[in-house]
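The structure appears right after this line, and notes come after that.
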Amino acid sequence: MIDKKKIAQLIEDELTDDQFIVDFEITPSNQILVTLDGENGITIDHCVHISRLVEGNLDREEEDFELQVSSAGLGQPLKIHRQFVKNTGKEMEVVLSNGEKLEGVLKSVDQDGFELETSKRERVEGHKKKQLITRTHRIAFDEAKTVKNIIKF
């Protein structure tokens, strides 16, 4: 049986202080899935290095496995607290548990959740034109179904 703790420790020992594991899973069919991220991103070369390190420390004769090491993509939802901290100040799309969708700037993050600042043009009594209204939404992590970066070109 593949030792998950051993592999996790191997990976952790190779990561620098600004890099971290986002997701790590070993499926029942011995598929090892590792997703990495960093304050300045993760390069393909670093993914290859980690892949070779893990593969070099496992014996295919003892147990066959499939290994996939990748970086957290821009379009993938944020999963861990450290990703939220990394993306503070960036535009995000948040889908809440009730299905409501919000778009705004991730203003702050703490252990319980985050604050999202949204701006929307709305009718305001006493004005002929719609006014830009800015609101700050306090969202607990368990209230957010998905949180993704908004990618603009």
Problem - Nearest-0.5 Å distance, OG1 of residue T118 to CE of residue M92 - result: 14.5 Å
Fill in the blank from the handout: Which of K148, K101, K145 passes salt bridge (Lys or Arg N to Asp or Glu O under 4.0 Å) with E93? It is K101
Problem - L106 vs K90 side-chain heavy atoms within contact, under 4.5 Å - result: no
Exercise for the section: Step through the shown structure and confirm whether more than 12 heavy atoms of other residues, nucleotides or ligands are within 6.0 Å of CZ on R135. Expected result: no
Problem - Validation row: K86, T88 side chains within 4.5 angstrom (heavy atoms) - result: no
Handout entry: Donor-acceptor pair, side chain of E143 and main chain of A140, under 3.5 angstrom
Key = yes
Problem - Interatomic spacing from CD in E91 to CD in E117 - rounded to 0.5 Å - result: 11.0 Å
Problem - Residue I44 excluded, over 12 heavy atoms near CD1 under 6.0 Å - result: no
Exercise for the section: Please examine the side chains of T27 and F65, heavy atoms only from C-beta on, and report whether any two atoms are closer than 4.5 Å. Expected result: no
Handout entry: Polar contact flag, side-chain donor to acceptor under 3.5 angstrom, E66-N30
Key = no
Practice task
Inspect the contact between R82 and E39 and indicate whether a charged nitrogen and a carboxylate oxygen are less than 4.0 angstrom apart.
Solution key: yes
Exercise for the section: Could you tell me whether the side chain of I11 reaches within less than 4.5 Å of the side chain of L53, counting heavy atoms only? Expected result: no
Exercise for the section: Check the hydrophobic clustering (I, L, V, M, F, W, Y; side-chain heavy atoms under 4.5 Å; chains of links allowed) and say if V85 and L116 are grouped together. Expected result: yes
Handout entry: Polar contact flag, side-chain donor to acceptor under 3.5 angstrom, Q19-H46
Key = yes
Problem - From I50 atom CD1 to E55 atom CD, the distance as rounded to the nearest 0.5 Å - result: 13.0 Å
Exercise for the section: Keeping the roles fixed (side chain from Q83, backbone from K79), state whether a donor-acceptor pair exists under 3.5 Å. Expected result: yes
Handout entry: Donor + acceptor pair across side chains of T43, D45 (<3.5 Å)
Key = no
Exercise for the section: State plainly whether one hydrophobic cluster holds both V94 and F141, where clusters connect Ile, Leu, Val, Met, Phe, Trp and Tyr through side-chain heavy atoms under 4.5 angstrom apart. Expected result: yes
Practice task
Scan side-chain atoms only and decide if H137 and E115 contain a donor-acceptor pair under the 3.5 Å cut-off.
Solution key: no
Exercise for the section: Assess whether atom CG of D17 is packed by more than 12 heavy atoms of other residues, nucleotides or ligands within 6.0 Å. Expected result: no
Problem - Flag side-chain contact, heavy atom, 4.5 Å: I7 against F24 - result: yes
Practice task
Give a yes or no on whether L67 and I2 share a hydrophobic cluster (residues Ile, Leu, Val, Met, Phe, Trp, Tyr; joining criterion: side-chain heavy atoms under 4.5 Å apart).
Solution key: yes
Handout entry: Exercise: do N149 and N87 side chains pair donor with acceptor under 3.5 Å
Key = yes
Handout entry: Side-chain heavy-atom pair K107, F114 within 4.5 angstrom cut-off
Key = no
Practice task
Walk me through it: do R138 and D112 pass the test side-chain contact (heavy atoms from CB on, under 4.5 Å)?
Solution key: CA-CA 10 Å; R138 175 76 190 149; D112 301 319; 3.9 Å; yes
Fill in the blank from the handout: Residues A72 and D37: closest non-hydrogen pair is CB-OD2, 3.9 Å
Practice task
Search all heavy atoms of A144 against all heavy atoms of S97 and return the closest pair with its distance.
Solution key: N-OG, 4.2 Å
Handout entry: Verify same cluster id: V69, V54 (apolar side-chain graph, 4.5 Å)
Key = yes
Practice task
Following the transitive rule for hydrophobic clusters with a side-chain heavy-atom cut-off under 4.5 Å over Ile, Leu, Val, Met, Phe, Trp and Tyr, establish whether I32 and I42 coincide in one cluster.
Solution key: yes
Exercise for the section: Please examine the side chains of L96 and L102, heavy atoms only from C-beta on, and report whether any two atoms are closer than 4.5 Å. Expected result: yes
Handout entry: Flag side-chain contact, heavy atom, 4.5 Å: S71 against L36
Key = no
Exercise for the section: Walk me through it: do N40 and D18 pass the test side-chain contact (heavy atoms from CB on, under 4.5 Å)? Expected result: CA-CA 8 Å; N40 299 309; D18 71 332; 3.3 Å; yes
